[in-house]
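Have a look at this one.
Side chains included, hydrogens not; waters and symmetry mates left out as well; all remaining heavy atoms used. All residue numbers refer to positions in the sequence shown, counting from 1. Since the structure is predicted, the reported quantities are computational estimates derived from the model, not experimental observations.
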Amino acid sequence: MSENVVHLHKDTNSEPELTTVTTLTVVPAPAPAAPVPLWVRSGRAIRTVVTHETTKTTARAVARHTLYVAGGARIAAKRTWDGRTASRYERMFRAAEAAGNHEIAAEWEERGQHFREARHRRRMDLLHSPVDAAKGVAVSAGMGVGSLVALGVVMAIATKDVTQVVTPLMATIEFINLIITIVQVVWGPALAIGPFLALLALWGVGRHQQAAPAWALPANVRSGEGEPITPSIVVKALRDLGVPALRNAIKDMGDAGASMLGPIRMAGCGVEVDVTLPSGVSTIEVQNRRRKLAENLTRHEHEVFITIPTAARTVRLWVADSGALDEPIGPSPLVTDETMTADYAKGRAPWGEDLRGDAAALSLFQRHLLITGLSNQGKTAALRSLALWLALDKSVQFLMGDLKGAGDWRMFDGVATTLIEGPTDEHVIQVTEMVEGAVDEMNRRLQAPPGTKFPALIVIVDEAQVAFMCPAKDEDKRPYGGAKANSRYFMAVRKIHNQGRAVNVLMWQGTQDPTNENLPKLVREGAHTRASLALGTEQQARMALGDKAVDGGAAPNLLRPGLDKGTVVVASDGIAIPAGQASITVRTHYIDTAEATAIADRAKALRDGVTTLTVIERGEDRDPLADIAAVLGDKPRLKTQDVLKRLAALNEDAYGDWSFLDLKRVLEDAGAEPYKSDGRMVVAAERVARALANRDADGSASADG
């Protein structure tokens, strides 16, 4: 760098002169860095090697296989000790006593006493065994030598050579000498190799039992994902559940905590085990810790189900194979078996599979049904599959209201007598009048002579929450929706629930996201079969299935929305439920729209032909002859009783009270009177069509009726 310095020169002969001098100042360059000592570089290299993942993996492997030997030795020693002493019987006795099973405790105590007596006899026999063994050896040796000499005598006589007398004896002596020589040769290497073979055997035992700390085990073993369920794993999971009384009881039981467990049984895509809890531990304490128990078993919460069987102080655990519940089940028998038919009274609808992999079939005979769940969880598909099966019984009649109107039920056009589709208030009004018409039919049946048999009439309303929430009112200011005594839809459903079962008039409803407003208490409790898909809260689960089912372990609120589509929790006496349980979980078969249409076509082929009404007309003047022609449809003729039923379904107000005489009067006036065929009065479509044509040609208009 440069620096300016001012110097003053003084001369006596001249004026003073200022001179500027530039002085360069050299700044020394920085000194080169000192070389890193060798020991520092070596330390860094060692640290890199020590912390490298390969080094860690190698160290874990060495430690793991070393500890396998130690663990195998411990296991072998414990097994030997258990075999030589009565410690096993003592453990089982203490475990049974701690669990309160005094009968089993007495049995183990008796077994232990028998073991001690047998051991004492063996020890007493050892006192006499040397003398007995010596005597036995002497006798055996004498007999053996005598036998060899006798054999030699026989050989000498046969060969006429006296030297053959000792040949067998000498051959035996040479054989024994050969054995001694072989032992002398092998003994040294055997002594050298024997310890290594023993260590290998101990290593094999330890490896099989994974007898090493968790940190030393391979990553796939340490994770425990998909780990098979064994008694020790279940006991550890229960011990670490956070219930002090349970933990202390298992601690008192020692290694025999598995005495709480029943047999671990294969059950479909998982295993099932009954756990008898020790005294002082309530089943609800285990149920309330389902998530923690599942995690202790290395499972997700949805893969563990806890139910209460009939035995006191017992919980039943069903533990799925890891990931098994995410796999779809097979197709419905309705799809695979095109010859299948239904029987309303005696048959069961093939609905799906339970968690054990067994077929889950539901009886629909004289049972009102309610199915609920969050939106887009498969509610309509689950409900529709039941209706498709029942449609294969040609005697069953359907009245259907789809208050979503997306076409999910359109394949029943030609099967159902009435099919109303749409979400508006007008559609709710029509569905309400349809249900009220079913009430009138129920009342007619109830007043029929005793012993009269009636075909099943199934009234199905999907998205029923739309009806309960409808604000529309009729001309008398009566609301269609709501849950009050003047609510038309609510009261119609209640009436069917109260008395419809006796005459085979049944109410099926599907609804979303149940609340007291969109699914009143009296309606949901009137259903004999209650099923629920995934829900949001336990309160909703209680609304859907009832307190008894939820208190017994039913938990649709723990199903995974979107992932457990089609999985329903069912509370019903119409399905096989294990003894002591209040509900069962079913994975329903999914039948898509194309498959449902094919099944519905098979149902139509079984029937004589059904004219489906898609709207209920109200309040207008009727043309009876035209209506008779409409209900005949494409049938050449129908029994008069069937015509009356179809007219009543077409318009209850106009034709609900009609009798055979009313029908006969209209037809005779038109010149299309009914006649007998095979002993039954029938109405001919050709005569009705001709009468309509003649009437129209004459310009007349019928207002009769």
Side-chain angles (χ1 to χ4, degrees), residues 210 214 217-243 246 261 264-275 283-308 315-329 352-358 360 373-374 376-378 382 531-538 540-541 544-545 549-550 552-570 578 581 583-588 590:
Q210 295 294 327
L217 295 176
N220 60 336
V221 177
R222 291 199 307 273
S223 69
E225 191 69 25
E227 189 176 11
I229 300 301
T230 63
S232 60
I233 289 176
V234 176
V235 171
K236 289 178 183 177
L238 294 169
R239 181 194 64 194
D240 299 336
L241 204 53
V243 181
L246 181 59
L261 310 182
I264 296 181
R265 304 176 296 273
M266 297 297 296
C269 57
V271 296
E272 185 179 73
V273 59
D274 286 353
V275 181
T283 55
I284 193 65
E285 293 181 278
V286 178
Q287 281 185 297
N288 289 341
R289 290 169 172 81
R290 174 181 171 184
R291 173 175 293 181
K292 190 170 186 179
L293 178 62
E295 292 171 350
N296 290 348
L297 293 169
T298 64
R299 295 295 190 273
H300 298 290
E301 184 178 12
H302 72 276
E303 294 176 328
V304 175
F305 288 81
I306 305 173
T307 54
I308 309 299
V315 293
R316 178 168 293 161
L317 307 180
W318 185 84
V319 185
D321 298 335
S322 185
L325 294 183
D326 297 327
E327 298 295 329
I329 65 173
E353 295 180 359
D354 62 17
L355 296 177
R356 294 159 185 80
D358 299 328
L374 298 177
N376 196 32
Q377 298 305 307
S532 175
L533 294 104
L535 289 173
T537 65
E538 181 180 325
Q540 289 181 321
L545 300 177
V550 174
N557 52 301
L558 297 181
L559 295 173
R560 301 165 298 167
L563 297 177
D564 290 324
K565 280 187 177 182
T567 299
V568 296
V569 183
V570 187
Q581 296 181 201
S583 65
I584 187 171
T585 301
V586 176
R587 303 173 69 197
T588 60
Y590 176 67

task = Find out whether V286 and V275 are in side-chain contact, i.e. whether some heavy atom of one side chain is under 4.5 Å from a heavy atom of the other.
result = no

inquiry  = Does any part of the side chain of L297, heavy atoms only, come nearer than 4.5 Å to the side chain of I233, both counted from C-beta?
reply    = yes

ask   = Taking all atoms of both residues into account, what is the closest heavy-atom pair of A267 and E272, and its distance?
value =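 Heavy-atom minimum between the residues: CB-CB, 3.9 Å.
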
inquiry  = Taking side chain to side chain contact (heavy atoms under 4.5 Å, CB included) as the definition, give me every residue that meets it alongside E353, ordered by chain and number, with sequence neighbours left out.
reply    =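 Scan of E353 (side chain to side chain contact (heavy atoms under 4.5 Å, CB included), adjacent residues dropped) gives I329.
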
M266 side, atom CE; D321 side, atom CG - distance, nearest 0.5 Å =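 M266 atom CE to D321 atom CG measures 6.0 Å (nearest 0.5 Å).
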
ask   = With sequence neighbours left out, what residues match R239 under salt bridge (charged side-chain N to carboxylate O under 4.0 Å, His left out)?
value = none

query = Looking at T283 and I308, what are the two nearest heavy atoms and their distance?
reply =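 Closest pair (atom of T283, atom of I308, distance): CB-CD1, 3.8 Å.
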
key: Nearest-0.5 Å distance that lies between atom CG in L559 and atom OG1 in T585   =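 Going from the CG atom of L559 to the OG1 atom of T585 covers 6.5 Å.
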
Ring-face cation of R290 near F305 (centre distance under 6.0 Å, axis angle within 45°) = yes

key: Donor-acceptor under 3.5 Å (D564 side chain, R560 main chain)   =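 Pair found, side chain donor or acceptor close to backbone of R560.
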
task = Would you name the heavy atoms of I306 and Q287 that are closest together and state the gap between them?
result =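 Closest pair (atom of I306, atom of Q287, distance): CG2-CG, 3.8 Å.
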
Minimal non-hydrogen separation, V569 against A554, with atom names =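 Looks like CG1-CB, 3.7 Å.
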
task = Kindly indicate whether the side chain of L241, heavy atoms from C-beta on, has any atom under 4.5 Å from the side chain of K292.
result =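 Contact flag for L241/K292 side chains = yes.
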
query = When rounded to the nearest 0.5 angstrom, what distance separates CG in L533 from CG in L374?
reply =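 The CG atom of L533 sits 8.5 Å away from the CG atom of L374.
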
task = Identify the two heavy atoms, one from Q377 and one from A534, that lie closest to each other, and give their separation to 0.1 Å.
result =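 Closest approach of Q377 to A534: OE1-CB, 4.1 Å.
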
ask   = Taking the side chain as C-beta and beyond, is there a heavy-atom pair between Q540 and N557 under 4.5 Å?
value =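 No, side chains not in contact.
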
request  = Enter the distance from D274:CG to T307:OG1 here, rounded to the nearest 0.5 Å.
outcome  = 8.0 Å

ask   = How far apart are the closest heavy atoms of R299 and V304, and which atoms are they?
value =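 In terms of heavy atoms, the two residues are closest at CB-CG2, 4.0 Å.
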
key: Spacing of CZ belonging to R289 relative to CZ belonging to R291, to within rounding of 0.5 Å   =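 Result: 14.0 Å between the selected atoms.
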
